[in-house]
Amino acid sequence: MRIATWNVNSVNARLETVLGWFERASPDVAVLQEIKCVDEKFPTEAFERLGYNVAVHGQKTYNGVAMLSKAPLEDVRRGLPGDETDEQARYIEAVVSGETPVRVVGIYLPNGNPVETEKFAYKLAWMERLNRRARELLRYEEPLVIAGDYNVIPRPEDAEKPDAWLGDALFRPESRGAYRALQNLGLTDAFMAVDGGPGAYTFWDYQAGAWQRNNGIRIDHALLSPQAADRLVRVDIDREQRGEEKPSDHVPVVVELAL
DNA sequence: ATGGTAGCCGAGCTA
């Protein structure tokens, strides 16, 4: 089973590009971030034509996440528990049915900049809520994949110019510590388990020729429960996608599990 | 240090 995560930066502005990738890569499951539309504007039929079941947690203009799966989705949950006042659409969870069911969570973790504002506090609070939810889900002792745009650069090796990110919410010790705390629960960073080398970037800014200079960062991750990590086969970062016409600033990351 | 780009939506925010 191949599970993809991709921050598409508006699913409708990039629909042909996104559909083209799905036709070629044909992941069994995918989580999308920054769809930037409400549920009614999500191109559900286009994905259904490719054989996917669709679950959306949309929002006008900003954020928005979705899950696509060839197998039926059960127990779909929208929104990260722990704060009823939080109206940002950044979390979707479902069980992918099959011989071995897999619980998949798609997240769009808050960026958190500028750090001197309430945005950074929101990011850290969100990560604490995610930690709490992960603890609950790990109790099932089943295959679990939490994939998405984490907006965290885990190590200096995950940035072409780490010095440029000092002080940034994506690289602050608090953010990296919270990401490490998730791993300390028993979750495995899929990329670190199969590769872990430097320079495996998933995001290049649109500005200042970041792609041309390979000024990238690794911020799109998949964390696996022990039952999923035991079945991990490979991780593919589809770097070529960044060089396509009208690309997202993120590229797809695909995790393959022997299931 | 600044400005550089993209999307949404039609000015300014978010990233």
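All chains are named by letter (A, B, ...) in the order of the sequence lines, taking the proteins before the strands, and each is independently numbered beginning at 1.
As judged by a 4.0 angstrom heavy-atom cut-off over every strand, Phe203(A) is placed among residues making no nucleic acid contact.
When each of dT14(B), dC8(B), dA15(B) is scored by its nearest atom to the side-chain atoms of Asn111(A), the top-ranked nucleotide is dA15(B). Nearest nucleotide to the Arg14(A) side chain, out of dA6(B), dC8(B), dT14(B): dA6(B). Here dG7(B) is the nucleotide among dG7(B), dC9(B), dA6(B) with the atom lying nearest to any side-chain atom of Ala13(A).
Atom pair Lys41(A):NZ and dC9(B):P shows a separation of 7 Å (rounding to whole Å applied). In this structure, Leu109(A) places its CG atom 16 Å from C1' of dT14(B), rounding to the nearest Å. Going from atom OH of Tyr150(A) over to atom P of dA15(B) covers 18 Å, rounded to whole Å. The CD-C1' distance, from Gln33(A) to dT14(B), rounds to 16 Å in whole Å. Atom CG of Leu15(A) is separated from atom P of dG7(B) by 14 Å (rounded to the nearest Å). In this structure, the CG atom of Asn7(A) is 12 Å from the C1' atom of dT14(B), given to the nearest Å. Rounded to whole angstrom, the span from the CG atom of Asp249(A) across to the C1' atom of dA15(B) amounts to 8 Å. Taking atom CD of residue Gln207(A) and atom C1' of nucleotide dT2(B), one finds them 11 Å apart after rounding to whole Å.
Using C1' as the reference atom, dT14(B) and dC9(B) are 13 Å apart when rounded to the nearest Å. dA6(B) and dT2(B) are spaced 23 Å apart, taking the P atom of each and rounding to whole Å. Taking atom P on both dG7(B) and dG3(B), the two are 22 Å apart, rounded to the nearest angstrom. When the C1' atom is used for both dA1(B) and dG12(B), the distance is 23 Å, rounded to whole Å.
Salt bridge Asp86(A)/Arg129(A): present, at least one basic N to carboxylate O contact under 4.0 Å. Ion pair Asp39(A)/Lys41(A) not flagged as a salt bridge, since none of the NZ, NE, NH1 or NH2 atoms sits closer than 4.0 Å to an Asp/Glu carboxylate oxygen. Ion pairing between a basic and an acidic side chain is recognised when a charged N comes within 4.0 Å of a carboxylate O; Asp220(A) and Arg218(A) show no such pairing. One finds no salt bridge joining Arg180(A) and Asp189(A) here, because no Lys/Arg side-chain nitrogen approaches an Asp/Glu carboxylate oxygen to under 4.0 Å. Salt-bridge annotation for Glu174(A) and Lys123(A): absent, with no side-chain N of the basic residue lying under 4.0 Å from a carboxylate O of the acidic one.
DNA chain B is contacted by both Tyr206(A) and Asn12(A); Tyr206(A) maps to the nucleotide lying nearer its 5′ end (nearest heavy atom per residue). Across the interface with DNA chain B, nearest-nucleotide mapping of Gln88(A) and Ile35(A) shows Ile35(A) to be the residue nearer the 5′ end.
Between Ser10(A) and the phosphate of dC8(B), there is a side-chain N or O to OP1/OP2 separation shorter than 4.0 Å. Look at Lys246(A) and you'll find a side-chain N or O under 4.0 angstrom from OP1 or OP2 of dG7(B). Distances shown here put every side-chain N or O of Lys36(A) at or beyond 4.0 Å from the OP1 or OP2 atom of dA6(B).
Taking the six-membered ring where the residue is Trp, Tyr52(A) and Phe47(A) present perpendicular rings, their angle passing 60° and hence far from 30°.
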